[in-house]
*Asks:* 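The structure that follows is given in the form of C-alpha cells.
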There are 2 protein chains.
Amino acid sequence: MTTTATPDIRTEPTASVSGAEFKQGTKPAQIMVAAKELFTSQGFGATSMDAIARTANVSKATLYAHFSGKEELFAAIVSHTCRAQSQLLLAPSVDDLDLTDALSEIGRNFLSLILSPQAVAIFRVVIGEAVRFPDLGRIFFDSGPNQMRSSLSAFLAKKAARGQLDIEAPMRAAEHLIGMFQTPVHLHVLFGVKEGVAQGDVDKVVKDAVEAFLRAYLPRA
Amino acid sequence: MTTTATPDIRTEPTASVSGAEFKQGTKPAQIMVAAKELFTSQGFGATSMDAIARTANVSKATLYAHFSGKEELFAAIVSHTCRAQSQLLLAPSVDDLDLTDALSEIGRNFLSLILSPQAVAIFRVVIGEAVRFPDLGRIFFDSGPNQMRSSLSAFLAKKAARGQLDIEAPMRAAEHLIGMFQTPVHLHVLFGVKEGVAQGDVDKVVKDAVEAFLRAYLPRA
DNA sequence: GTCTATAAAGGGATAGAC
DNA sequence: GTCTATCCCTTTATAGAC
C-alpha cells in the first residue's frame, strides 16, 4: 500500500465533484476530489489521510484545517454525492412517449446510473461502512434508491389512473420493475464479478423486464 | 495475494453454521468465531488482530500460528460462510406443492436467508472489500446469489417443460422473480435503514411477487 | 492559510521461553 | 502449541515557522 507515487495527480478542474459549496480550484475542492477518488477506489479503511493530502497536492495540515478528521471528510463526500445523485434522478420527460418506450427509457437511465463506476464505488463504500456510519447509510438510501422508487411509483400511478396500467399498489409495482431491471446485473458488478456491463446487455435486460412487467400489469382484455 | 490459501485445519465437521465446522473448543474454532463476529460487526478495516485475539481468549502468537495474517483469516471466514450458505440454499423439496405454494415457499426461504443478520453482515463486508479482495467477491457471489439463480432457473424450466409456465429464458425469469422478492426489502437492510423485517411484511412481499410473476409467466388461456 | 516536521498512538507481525 | 513481551511501521493528528 505504499509505492503509489501517483502520476495520477488531478490538475483538471473538478468535473465529478461539481461542488456547489466549494469553488473550483480551491484547496477544499482539490481535497474533496482526491478524497472521493481514494475512498471510492480503495474503501474507507485502506485510505489514509496522508494519501489524500498527497493526491490533492496539499499538506496534511491544510487538510485538517478544512476537515476536522477522516470521518467528517468521509461524511462530506457521501453527503455531497447524495445531492449530485438526487439531481441525476430527476427523470427526463418521458410523458410524451409510448408506455413501452417510456418504461424502457426509464430503465436504461436507471441502469446507466447505478452501473456507473462512480455509483458502484459509492454504493460499495457506503454499504461497507453502514455499521460504523448508520446515519450516512440512511441518508444515502433516501436520496438514492428510495427516491427512484418514489418517482417511478408516481409515474406508474399516473398511468394507472389513465387506465393504461392495472395497478393496485404503485409502490410495490415500482419495486417489481426496479427489481427486474436491477437483479440481472447489479450484484455482478457490486461483487466485482464483472467490471462493467455492455450496453447491448443492458438493452436486453431492460427489454425483458419491461415485457414481463407489462404482462403482469397491463389491463387484461 | 492469493485468496485460495485457506488453511485446512478442519478436524471434525459439524452441522453448525454459526459456530464452526471446527471441533468445538479448539483454538482455531475460537479464533474463527471471534473473527467472524468482529469482521461482520465492525468491518475488515476496523477490526484489529489484537481485538480478535482478545475476543477469542487467545494470544496473538497463537493466532498467527494458525493463520498467516489478517487477510488470510478474513478469506477463511468468508470462504467458510460460503460453504454454510451453499448448504442453506439446498432447497427443501417443493415438488409436491401447488405451483403458487412452491414459489411462495421458495420466496420465504430465500428472504429469510438473505435477511438474516448473519447474511446481511457478510454481504456488507464482502461488498465493501470487493475491491481489495476480488477473488473473494467472485467466490461468494458464485456460492450465494448465483447459486440461487441457477437452482430457481432449473425449477422454473421444469415447470415450463410441463406446460405449467410459459417461459422462454428460465434464467431471466428466475432473475425477475428474485428481483421482485428482493427489491422491496433488501436494500433497506443493507444500508441499515431497518434493523430487520417483520415476518408479516415478508409474507406480503412474497405474495405480491408471486402473483405478479404468475401474471407475467402463466400460460395465457 | 499553508507548509515542514514531528509527536502520539495503534496495528500487524515476530522472538524466544515454556 | 501457546504465551509474554516487543519490534517496527503506518496512521492520525498537531506544533510552530512563514
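No hydrogens, no waters, no symmetry mates; every other heavy atom, side chains included, goes into these values. Note on naming: letters A, B, ... go to the chains in the order of the sequence lines (proteins, then strands), and numbering restarts at 1 for each one.
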*Asks:* Test your reading of the model: is there a side-chain donor-acceptor pair from Thr47(A) to the backbone of Leu38(A), 3.5 Å cut-off?
*Replies:* yes
*Asks:* Mind calculating the distance between CG (Leu38(B)) and P (dG12(C)) to the nearest angstrom?
*Replies:*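 That distance rounds to 11 Å.
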*Asks:* What's the NZ-P distance between Lys70(B) and dA13(C), to the nearest Å?
*Replies:*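 So the two atoms are 9 Å apart, to the nearest Å.
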*Asks:* At less than 3.5 Å, do the side-chain atoms of Lys60(B) and the base atoms of dA13(C) form a donor-acceptor pair?
*Replies:*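 When only heavy-atom distances are counted, Lys60(B) does reach the base of dA13(C) through a donor-acceptor pair under 3.5 Å.
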*Asks:* With a 4.0 Å cut-off on heavy atoms, is Ser59(A) in touch with a base, just the backbone sugar-phosphate, or nothing at all?
*Replies:*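 Base, at least one base atom sits under 4.0 Å.
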*Asks:* What is the distance from CZ of Phe44(A) to C1' of dT11(D), rounded to the nearest Å?
*Replies:* 12 Å
*Asks:* In whole Å, what is the span from the CG atom of Asn57(B) to the P atom of dG1(D)?
*Replies:* 19 Å
*Asks:* By nearest atom, which of the nucleotides dT12(D), dT4(C), dT4(D) is closest to the Ala61(B) side chain?
*Replies:* dT4(D)
*Asks:* Can you tell me the distance, in whole Å, between the CG atom of Asp50(B) and the C1' atom of dG11(C)?
*Replies:*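 Rounded to whole Å, this separation is 7 Å.
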*Asks:* Check whether any side-chain heavy atom of Glu175(B) sits under 4.5 Å from a side-chain heavy atom of Met180(A), and report yes or no.
*Replies:* no
*Asks:* Looking only at the side chain of His66(A) (C-beta and beyond, no hydrogens), which of the listed nucleotides dT2(C), dG12(C), dT2(D) gets closest?
*Replies:*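 Side chain of His66(A) sits closest to dT2(C).
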*Asks:* Scan Thr47(A) against the nucleic acid and name what it touches under 4.0 Å (heavy atoms): base, sugar-phosphate only, or nothing.
*Replies:* sugar-phosphate
*Asks:* Between Phe141(A) and His188(B), does the ring centroid distance fall short of 6.0 Å?
*Replies:* yes
*Asks:* Starting the side chain at C-beta, find the nucleotide from dA13(C), dT2(D), dT14(D) nearest to Tyr64(A).
*Replies:*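 The nucleotide sitting nearest to the side chain is dT14(D).
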*Asks:* Quick one: is Thr62(B) getting a side-chain N or O under 4.0 Å of the dT2(D) phosphate, OP1 or OP2?
*Replies:* no
*Asks:* Could you tell me how far apart Gln30(B) (CD) and dG1(D) (C1') are, to the nearest whole angstrom?
*Replies:* 13 Å
*Asks:* What nucleotide among dG11(C), dC3(D), dT2(C) has an atom nearest to a side-chain atom of Val58(B)?
*Replies:*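 For the Val58(B) side chain, the nearest candidate turns out to be dC3(D).
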*Asks:* Just by distance, do the side chain of Thr62(A) and the backbone of Val58(A) share a donor-acceptor pair under 3.5 Å?
*Replies:*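 Side chain of Thr62(A) to backbone of Val58(A): no pair is present.
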*Asks:* May I have the distance from Phe67(A) (atom CZ) to dG1(C) (atom P), rounded to whole angstrom?
*Replies:* 13 Å
*Asks:* Taking the side chain of Ala65(B) as heavy atoms from C-beta outward, which of dT4(C), dA13(D), dT2(D) is closest to it?
*Replies:* dT2(D)
*Asks:* Quick check for you: among dG12(C), dT2(D), dT2(C), whose closest atom lies nearest to any side-chain atom of Lys27(B)?
*Replies:* dT2(D)
*Asks:* May I ask you to check whether His186(A) and Phe123(A) place their ring centres under 6.0 Å from each other?
*Replies:* yes
*Asks:* Provide, to the nearest angstrom, the distance between the CD1 atom belonging to Ile31(A) and the C1' atom belonging to dT2(C).
*Replies:* 11 Å
